[in-house]
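Working notes for the structure below.
The sequence lines fix the lettering, A, B, ..., with proteins before strands; numbering per chain opens at 1.
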Amino acid sequence: MLRFSTDPLANPFYYLDYLDYLLDFVACRYQKLLHPREQEYLINFQYLPKDARALYARLLQRKGNYFRVDRLEYREIEDLDRAIEDLIAQQFLSSIKGQRPDLDVRLRTKAELAKLGALEALNLKKASRGEIDEAVLLKNYPLPFLPIIQLERVGLFELCQYLFFGNRHQNISEFITADLGIFRYETVDLESAQAFDDRSLVDACRLVDHMRGWAALLDKESRKLNRDPDTERTTALAAGLRTLTAMVPVPEDTRNSLLLRGLDKLHLALGQVHERLGLIPEALSCYQHTERAPARERCARLLLKQNQYPEARVVCEQILQHSVDPHERAYASRQLSGPKRTGEASETRRFTTERLILALTEGPSVEQQVINYLSSQNQLAQHTENHLYPGLFGLFFWDIIFAPIAGAFHHPFTRQPADLFEPDFVRCRSDLFRLRFDELSSSRFRAATLAQNWHAKKGLSNPFVAWHSLELDTLEYVVDHTPWPALKAIFERLLSQLQTFRSGFPDLLCMTAEGYRLIEVKGPGDRLQSHQTAWLNFLADLGIPTTVMHIEALIETSGKSG
DNA sequence: ACCTAGCACGCACCA
DNA sequence: TCCCTCGGCG
DNA sequence: TGGTGCGTGCTACGCCGAGGG
Ligand SMILES: [Mn+2]
Ligand SMILES: [Mn+2]
């Protein structure tokens, strides 16, 4: 693995080691994807003095692009002014000199503005921060010079980061949290690892990511406008939404799943905002660009709203034919089964249902209170929910999940292979899976693999294994008390669509000497969700005792009235 | 994949 | 005055 | 009354301190 030290005493420039590693990694593997100008800037950067590179690395990790020089305090950087000069000379920083009066206000604290008399002069003693910024700027209140620098070339470093991680949310701090052991990652083979091999694809992915960011902003704005309406802002939002929607690219290379996944989510997000604004036809056309759930369901609902019954019916039939998403399927079958009658569920329930009256208290969760109750009845229960069978899956198939398939891993901080939730994840590893299923039919192999991987991998990130909420004993107990055909069927269902079927498992595992049962707790007002019903039925069909426990609050009859 | 995903909860609306 | 959020940090 | 739809909030490293209310 990587040899780093995050100890600032022993290695004051530890964070620069990380940036250097990342840039070097990118320069080696992605040189062909970088434009000549970009390569040039990266070389210039590496030739800068250490202080300058360190300052840049520090600022790159901070929020925003503008910084007050008088507020910079980094002990390891000996000559700050020199570092700033060097960075400015190579255009990695620029100096803001009076061109941005808004920054002169925004980067000062309220206390500072008060001391300068701005608040008193403009009657802003009780104003909020936002009002102050606006008013001081508007009134052009004279403020003394404030040295401010602007971070430049941010886009280039974002590009490098994107090439390294293959996503927008991981950054240099991964190096630190990993080195400190806060997150631990499986070691993966990075010999020929490349996240991208085509610049236009990188640009497309980054564009889609940016657009999703804007879509998220519009989403937030539309929620706000739903709460307190404002016609002017609604018009502006609709215009922005139209513009953004018109900009959505049509992918040239439809084989790249990273891009397609981003586009799917973008279409869904835009459709939802349109819906919230009541722009039904526009929402429909967004949803029609993707088959990712719940796009088809939203289509059906909107068509119904427009009284286009035959069209809605067709979409529902498509859902039942092509979608595995339990929510979509439940909706579609409800619609197609005609006018609903009470008590008639779309899918017959094969699990049992119980009622339990408890004196519910404030603090602990309903699930915990049921565990306490069961414990008072001498029954041992744990809140395992989505961690039990997926956890077993993760441990039994660990080496297959992290198998060195081409393109699956491209940096050292990988939680999961890039194609984990793609439809052909299993197909690309079909021999491995076939063999493993064979091996697992031996109870001895199951026991050995479970314990072995538990100890060998303990603490390493795996999307299916929640180390903190599980114990080996519990897993061994469940493996011992589940017939292999049932376990196999659960794994196969999981594998049929990992993203969809990794959730919806019952809350509690309740263990006795003879065997276990699974309990989904439903507090007052809580209801079964479609994917929960689907798993409950599936598990019950396998002969695993499965119960929904509806909790009713014990009403206190004595005490104060009212 | 914290620029998410899964879960519970609360309220409105309907027959 | 306290309390809360958020950003910086290892 | 139960069945729905839909919005919200919580939680994910944890500590510390500045800033704001
Ligand atoms: Mn639950
Ligand atoms: Mn529950």
Should the pair F464(A) and F421(A) be assigned to parallel (<30°), tilted (30 to 60°) or perpendicular (>60°) ring geometry? perpendicular
Nearest-Å distance for atom pair CG/P, residues L151(A) and dG8(C): 12 Å
Pair Q369(A)-N372(A), side-chain donor/acceptor within less than 3.5 Å: no
Test side chain to side chain contact (heavy atoms under 4.5 Å, CB included), reference C316(A), set E297(A), E328(A), Q335(A), output is Q335(A)
Any chance you could list the contact pattern along nucleotides 4-15 of chain B? Use B for base contacts, S for sugar-phosphate-only contacts and - for none, protein heavy atoms under 4.0 Å, 5' to 3'. SSSSSS-B----
Touch class at under 4.0 angstrom, heavy-atom based, for R58(A) against every strand present: sugar-phosphate
Please give the distance between the P atoms of dC10(D) and dC6(C) as a whole number of Å. 12 Å
Spacing of H327(A) atom NE2 relative to dG3(D) atom P, expressed in whole Å: 17 Å
Please give, in whole Å, the distance from dC9(C) C1' to E174(A) CD? 15 Å
So what does Y18(A) hit on the nucleic acid, given a heavy-atom distance under 4.0 Å: a base, only sugar-phosphate, or nothing? nothing
Identify whether the distance between the nearest side-chain nitrogen and carboxylate oxygen of E520(A) and K522(A) falls below 4.0 Å. yes
Rounded to whole Å, how long is the line connecting atom CD of E328(A) with atom P of dT4(D)? 17 Å
Nearest heavy-atom contact between A135(A) and L122(A) is O-CD1, 4.3 Å
In terms of the angle between their ring planes, are Y21(A) and F175(A) parallel, tilted or perpendicular, with boundaries placed at 30° and 60°? perpendicular
Expressed as a whole number of Å, how far does the P atom of dG8(C) sit from that of dC3(B)? 15 Å
Please give the distance between the P atoms of dC4(C) and dT11(D) as a whole number of Å. 14 Å
Classify the angle between the aromatic ring planes of F538(A) and W535(A) as parallel (below 30°), tilted (30 to 60°) or perpendicular (above 60°). perpendicular
Base versus backbone protein contacts along nucleotides 8-21 of chain D [heavy-atom cut-off under 4.0 Å; B, S, -]: S----B-----SSS
Under 6.0 Å between ring centres: does that hold for Y56(A) and F157(A)? yes
Using the ring pair (Phe, Tyr, Trp, His ring centres under 6.0 Å) definition, which of the options F165(A), Y30(A), Y185(A) pairs with H411(A)? F165(A)
In whole angstroms, the gap separating C1' of dC2(B) from CZ of F165(A) amounts to 15 Å
Take the protein atom OH of Y66(A) and the nucleotide atom P of dG7(C), then report the distance between them rounded to whole Å. 17 Å
Give Y331(A) one of three labels, base, sugar-phosphate or nothing, depending on what nucleic acid heavy atoms sit under 4.0 Å from its own. sugar-phosphate
Using whole Å, report how far CG of L258(A) lies from C1' of dC3(B). 14 Å
dT4(D) C1' sits how many Å from L528(A) CG, rounded? 14 Å
Is it possible for you to check whether R58(A) lies under 6.0 Å from the centre of the six-membered ring of Y15(A), through NZ or CZ, and within 45° of that ring's axis? yes
With C1' as the reference atom in both, quote the distance from dT1(C) to dG20(D) in angstrom, rounded to an integer. 14 Å
